[in-house]
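A short write-up of the structure that comes next.
Numbering starts at 1 and runs along the sequence shown.
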Amino acid sequence: MSNAQPMMSEAAEIDGPPVSTRLAHKRRWWLRPRFVISGSIVALMMLMAAFPQLFAGFGSDPAAGCDILKSNQPPSADHPFGVDIQGCDYYTNVIFGARASILVGIVVSLIAFVIAAIVGSVAGYFGGWVDAVISRVCDMAFGLPFILAAIVVLQLFSERNVWTVIFALALFSWPGGVRFMRSAVMEVRNREYIQATRLLGGSNMRIIRKHVVPNAITPLLVLQTLGVGGMISAEAGLTFIGIGLTPPSVSWGLQLASAREYIDAAPHLLIFPAIFLTITVLGFVLFGEALRDEFDPKGK
């Protein structure tokens with residue numbers, strides 16, 4: 001016994017901290033700086049999108065109090081972000097622009113997540129000809145350049161609002177998630193508890209819903225969280241080239257597009273929406289990476 005105790009102490013030193021310490025550290029992953037910072041940015045931007053009045057002042061309207069005589073004035077004490085082309089307070093416009101931009105990113109990613117979860121689960125679980133058909137459809141979708149395909153679809157609409165942009169982006173954003181979910185399900189479907197459930201008479205749909213999807217969904221959730229920033233950028237890019245949102249919608253992409261002609265005379269029209277867009281996209285990307293590092297270490 002006297003020899004066993006030193007040996008156990010040495011082994012503990014070699015293996016690292018005690019199990020209890022490691023488990024406590026594991027439980028505190030959400031306190032890590034990258035997660036706290038990126039999560040705070042994401043929460044702040046989503047709150048801004050949902051309740052812009054909290055940031056711009058209750059009762060504020062982007063078109064209220066406009067004075068064309070003050071058009072394109074630079075930042076001042078009364079207008080911290082300056083004044084836009086119509087003589088409206090640019091700070092209020094930028095705050096209200098968060099709603100359309102973030103709504104597009106989140107809804108498109110949510111739609112892609114649902115489609116990928118359902119279709120990828122069916123392909124990965126059943127395999128065979130079902131998997132072959134779904135895989136070929138994904139291959140055809142991958143053959144279309146994402147932005148080019150979205151441009152073609154958006155050209156079919158005479159008036160483009162938030163929902164038409166969401167439709168165009170969501171139409172081509174799911175194939176990558178389907179493949180990701182398919183791979184995760186194929187890894188899970190042959191585990192012992194799945195085989196046991198099947199032997200006990202569980203139906204395929206019940207097995208998929210109760211056992212396969214809950215154990216394979218996390219990597220897909222992380223992937224789609226990473227994709228929110230990409231969808232926000234896609235909306236801004238499409239709008240910037242004149243294919244995305246059109247007035248009277250308000251978004252960062254529209255503000256950037258309007259600022260092109262006045263970049264020399266009024267650079268603040270380009271700077272402030274660009275800063276907000278960059279911080280938002282970076283926040284979602286870092287938040288997704290923090291989730292990936294914690295829940296999907298194989299995906300690093």
Side-chain angles (χ1 to χ4, degrees), residues 26 29 104-153 163 165-234 284-300:
K26 186 77 171 176
W29 63 268
V104 168
I106 291 177
V107 174
V108 171
S109 297
L110 181 61
I111 293 172
F113 173 78
V114 173
I115 294 174
I118 295 173
V119 178
S121 296
V122 171
Y125 182 81
F126 291 103
W129 67 268
V130 176
D131 181 28
V133 170
I134 292 175
S135 296
R136 297 297 78 75
V137 172
C138 290
D139 290 340
M140 288 188 290
F142 272 122
L144 296 171
F146 176 73
I147 294 297
L148 180 59
I151 289 174
V152 172
V153 173
W163 299 109
V165 173
I166 287 173
F167 172 77
L169 292 176
L171 199 60
F172 304 101
S173 62
W174 51 268
V178 169
R179 285 190 169 181
F180 209 76
M181 187 66 179
R182 169 184 173 273
S183 299
V185 170
M186 291 179 71
E187 183 180 347
V188 170
R189 69 180 181 182
N190 293 322
R191 292 180 180 174
E192 292 181 357
Y193 62 89
I194 302 294
Q195 301 294 340
T197 305
R198 190 179 292 115
L199 290 173
L200 290 172
S203 66
N204 288 328
M205 288 299 104
R206 179 179 176 81
I207 292 172
I208 292 174
R209 187 177 70 254
K210 295 290 187 179
H211 301 287
V212 174
V213 171
N215 288 282
I217 200 73
T218 301
L220 178 64
L221 179 62
V222 172
L223 176 71
Q224 295 303 330
T225 303
L226 280 166
V228 174
M231 292 300 108
I232 294 174
S233 297
F284 274 102
V285 170
L286 291 177
F287 185 68
E289 288 183 350
L291 292 178
R292 180 193 63 189
D293 292 348
E294 183 59 35
F295 295 109
D296 185 28
K298 292 181 181 178
K300 291 183 184 179

Take V153 and F172, measure what side chain to side chain contact (heavy atoms under 4.5 Å, CB included) needs, and give me the verdict at the end.
CA-CA 10 Å; V153 173; F172 304 101; 3.6 Å; yes

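- Closest heavy-atom contact between M231 and S173: SD-CB, 4.4 Å.
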F113 vs I217, test: side chain to side chain contact (heavy atoms under 4.5 Å, CB included). Steps then yes/no.
CA-CA 10 Å; F113 173 78; I217 200 73; 3.7 Å; yes

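- Contact between L223 and G176 at its shortest, heavy atoms only, is CD2-O, 4.4 Å.
- Shown are I118, V108, I115; of these, the side-chain contact (heavy atoms from CB on, under 4.5 Å) with W174 is made only by I115.
- Between D139 and R136 there is a side-chain heavy-atom pair separated by less than 4.5 Å.
- Taking 4.5 Å as the limit, every side-chain heavy atom of C138 sits out of range of all side-chain heavy atoms of R182.
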Under 3.5 Å, which donor-acceptor pairs do the side chains of residues 208-216 form with other protein atoms, sequence neighbours left out?
unit_1	atom_1	unit_2	atom_2	d
N215	ND2	Y193	OH	3.4
N215	ND2	H211	O	2.6

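- Shown here for L221 and T225, the closest heavy-atom pair between the two residues is O-OG1, 2.8 Å.
- Rounding to the nearest 0.5 angstrom, the gap separating the CG atom in L226 from the CG atom in L291 is 8.0 Å.
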Going by atom type alone, with no hydrogens or angles, which donor-acceptor pairs under 3.5 Å involve a side-chain atom of residues 142-152 and a protein atom two or more places apart or on another chain?
none

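- The two residues A170 and I111 come nearest to each other via the heavy atoms CB-CG2, 3.9 Å.
- When every heavy atom of A116 is checked against every heavy atom of G177, the shortest pair comes out as CB-C, 3.3 Å.
- We find the CG-OG distance between L220 and S183 to be 11.0 Å, quoted to the nearest 0.5 Å.
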Let's go through R191 and V188 carefully: what are the C-alpha distance in whole Å and the side-chain angles of both, what is the deciding distance for side chain to side chain contact (heavy atoms under 4.5 Å, CB included) to 0.1 Å, and is it a yes or a no?
CA-CA 6 Å; R191 292 180 180 174; V188 170; 4.0 Å; yes

Would you tabulate the side-chain donor-acceptor contacts of residues 119-130 under 3.5 Å, counting partners in other chains and residues two or more places apart, or write 'none'?
unit_1	atom_1	unit_2	atom_2	d
S121	OG	A117	O	2.5
Y125	OH	R198	NH2	3.1
Y125	OH	N204	OD1	3.0

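- Note that CD1 of I166 and CD1 of I106 are 10.0 Å apart. Values are rounded to the nearest 0.5 Å.
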